[in-house]
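Computation of the quantities below employed the complete heavy-atom set of this structure, encompassing side-chain atoms and omitting hydrogens, waters and symmetry-equivalent molecules.
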Amino acid sequence: MNISSLERMLAGTNSHEEIMAIMKCEFESLGFGQWVYIFQIVETFRTPPCICMTTYDHNWLSYYMENGYFHVDPLMKHYTSSSLPLFWSIYDDWTGYGPGALEFQQDLIKWGYWGGVCVPLFTKEGTRGFFQLACTSHDSVVVEQAAHASFLLRYFHSHILRIWVVTHPGHTSLRARLTDREREIMLAVAEGLTSQEIASRLMMSRRTVEWHVSSVQEKL
């Protein structure tokens, strides 16, 4: 499917299930039958809202969660700390990630997984995504197909965000509008100033400064 056709199809979707159906079709055509995609709204003051789409074996996913592997999975650590794609395999040296990661590595072997491509995604809207494609080699063909899939991912991510905002009207972080005073105070906070120092600079009480900071936290 060309990009124009994909954009028209995505523009007509009204649910994440519809988007996932298109994703499955596109990624299977590229040779990736098993993948997982996580969409999150990045928030400072609460656990990020999360949407997960996957074609992985549900038995494996249940096993993964039951064993708490999300705490030791090197791919999850990569997702939260880097914006670069990561090509990984079960033959990589995982000793630096600790004994839990080594146990996870051995279970991947037992379940028949060879490796994959991990693609983190960060956007200016304050969202992030994690895309994991399973593969059985890292040859030039897979690299090219993974690059194509990563390119398409941005279109899917954008429309997942579009639907998420519509279906969560009470959520404010993506629509937050700070006042001029709030922005002024948060810039001072970013400089490392204390509430009292900000109060002295802006000639207001410390209690007022803290009230504005609390207001910003609520909005975000």
Exercise. What closest approach, in Å, do Pro85 and His78 show between heavy atoms, and which atom pair accounts for it?
Worked result: C-NE2, 4.1 Å

Problem set entry | From Ile19 atom CD1 to His157 atom NE2, the distance as rounded to the nearest 0.5 Å | 11.0 Å

Exercise. Under 6.0 Å from the CZ atom of Arg183, do we count more than 12 heavy atoms belonging to anything else shown?
Worked result: yes

Exercise. So do the side chains of Leu102 and Thr95 get within less than 4.5 Å of each other, counting heavy atoms only?
Worked result: yes

Exercise. Does the ring centre of Phe130 sit less than 6.0 Å away from the ring centre of Phe122?
Worked result: no

Exercise. Rounded to the nearest 0.5 Å, how far does NZ of Lys24 lie from OG of Ser29?
Worked result: 13.5 Å

Exercise. What is the distance from atom CD1 of Ile109 to atom CD of Gln106, rounded to the nearest 0.5 Å?
Worked result: 4.5 Å

Exercise. Do Phe32 and Phe27 have their ring centres less than 6.0 Å from each other?
Worked result: no

Problem set entry | Polar contact flag, side-chain donor to acceptor under 3.5 angstrom, Gln217-Ser214 | no

Exercise. Are Leu152 and Val119 grouped together when hydrophobic residues (ILVMFWY) are joined by side-chain heavy atoms under 4.5 angstrom apart?
Worked result: yes

For this session: Taking all non-hydrogen atoms of both residues into account, name the closest pair between Lys77 and Ser81 and its distance.
Result: O-OG, 2.8 Å

Problem set entry | Met9 CE to Ser4 OG distance, which is reported to the nearest 0.5 Å | 12.5 Å

Problem set entry | Taking every non-hydrogen atom, the tightest pair across Cys50 and Ile38 | SG-CG2, 3.4 Å

For this session: Starting at CE of Met23, measure out to SG of Cys25 and round the result to the nearest 0.5 Å.
Result: 12.0 Å

For this session: Examine the side chains of His138 and Ser89 and answer whether a donor and an acceptor come within less than 3.5 Å of each other.
Result: no

Problem set entry | Within-4.5 Å side-chain heavy-atom neighbours: Gln132 and Trp88 | yes

For this session: Kindly indicate whether the side chain of His58, heavy atoms from C-beta on, has any atom under 4.5 Å from the side chain of Leu61.
Result: yes

Exercise. Are Met53 and Phe151 connected in the hydrophobic side-chain network, where two residues link if heavy atoms are under 4.5 Å apart?
Worked result: yes

Exercise. Counting only N and O atoms by type, is there a donor-acceptor contact under 3.5 Å from the side chain of Ser82 to the main-chain atoms of Leu84?
Worked result: yes

Exercise. Does the side chain of Phe156 come within less than 4.5 Å of Leu6's, by heavy atoms?
Worked result: yes

Exercise. Under the 3.5 angstrom rule, does the side chain of Ser158 hit a backbone N or O of Tyr155 as a donor-acceptor pair?
Worked result: no

Problem set entry | Pair Tyr97 + Phe104: ring centers closer than 6.0 Å | no

For this session: Give me the ring orientation class for Tyr37 and Phe131: parallel if the planes are under 30° apart, tilted from 30 to 60°, perpendicular past 60°.
Result: perpendicular

Exercise. Do Glu184 and Arg181 meet the salt-bridge criterion of a basic N to acidic O distance under 4.0 Å?
Worked result: yes

Problem set entry | Trp114-Val117 co-clustered via ILVMFWY side chain contacts under 4.5 Å | no

For this session: Could you tell me whether the side chain of Leu75 reaches within less than 4.5 Å of the side chain of Leu86, counting heavy atoms only?
Result: yes

Exercise. Taking atom types as modelled and ignoring hydrogens, do the side chains of Asp73 and Tyr64 form a donor-acceptor contact shorter than 3.5 angstrom?
Worked result: yes

Seminar exercise, completed: For Met20 and Thr55 the tightest heavy-atom approach is CE-CG2, 4.3 Å

Exercise. Any sub-3.5 Å donor-acceptor pair from Gln105's side-chain atoms to Ile90's backbone N or O?
Worked result: yes

Exercise. Would you call the rings of Tyr63 and Trp111 parallel, tilted or perpendicular if under 30° counts as parallel and over 60° as perpendicular?
Worked result: tilted

Problem set entry | Spacing of CD1 belonging to Ile41 relative to CZ belonging to Arg128, to within rounding of 0.5 Å | 10.5 Å

For this session: Using modelled atom types only, decide if a donor and an acceptor are shared between the side chain of His16 and the backbone of Ile160 within a distance under 3.5 Å.
Result: yes

Exercise. Going by atom types alone, do Asn59 and Ser62 pair a side-chain donor with an acceptor below 3.5 Å?
Worked result: no

For this session: Determine, using the 4.5 Å side-chain heavy-atom cutoff (strictly less than), whether Leu133 and Leu121 are members of one ILVMFWY cluster.
Result: yes

Problem set entry | Residue pair Asp92 / Trp94, side-chain heavy-atom distance below 4.5 Å | yes

Exercise. How would you list all residue pairs meeting salt bridge (charged side-chain N to carboxylate O under 4.0 Å, His left out) that involve residues 129-158, not counting sequence neighbours?
Worked result: none

For this session: Dump the intermediate steps for side-chain contact (heavy atoms from CB on, under 4.5 Å) on Ile163 and Glu18, then the final yes or no.
Result: CA-CA 11 Å; Ile163 292 174; Glu18 291 178 82; over 6 Å; no

Exercise. Taking C-beta and beyond as the side chain, do Cys52 and Val36 meet within less than 4.5 Å on heavy atoms?
Worked result: yes

Donor-acceptor pairs under 3.5 Å, side chain of residues 196-204 to any protein atom, not counting sequence neighbours: which ones?
unit_1, atom_1, unit_2, atom_2, d
Glu197, OE1, Thr194, N, 2.8
Glu197, OE1, Thr194, OG1, 3.4
Ser200, OG, Gln196, O, 3.1
Arg201, NH1, Glu191, OE2, 3.3
Arg201, NH2, Glu191, OE1, 3.1

Exercise. Leu161, Leu153: one ILVMFWY side-chain cluster at the under-4.5 Å cut-off?
Worked result: yes

Exercise. What's the verdict on side-chain contact (heavy atoms from CB on, under 4.5 Å) for His212 and Thr208, showing C-alpha distance, side-chain angles and the deciding distance?
Worked result: CA-CA 6 Å; His212 280 299; Thr208 300; 3.8 Å; yes

For this session: Ignoring hydrogens and angles, state whether a donor on the side chain of Tyr79 or Gln40 is under 3.5 Å from an acceptor on the partner side chain.
Result: yes

Exercise. For Gly33 and Glu28, which heavy atoms make the closest approach, and how far apart are they?
Worked result: CA-CG, 4.2 Å

For this session: Say whether Tyr69 and Asp107, considering side chains only, have a donor N or O and an acceptor N or O under 3.5 Å apart.
Result: yes

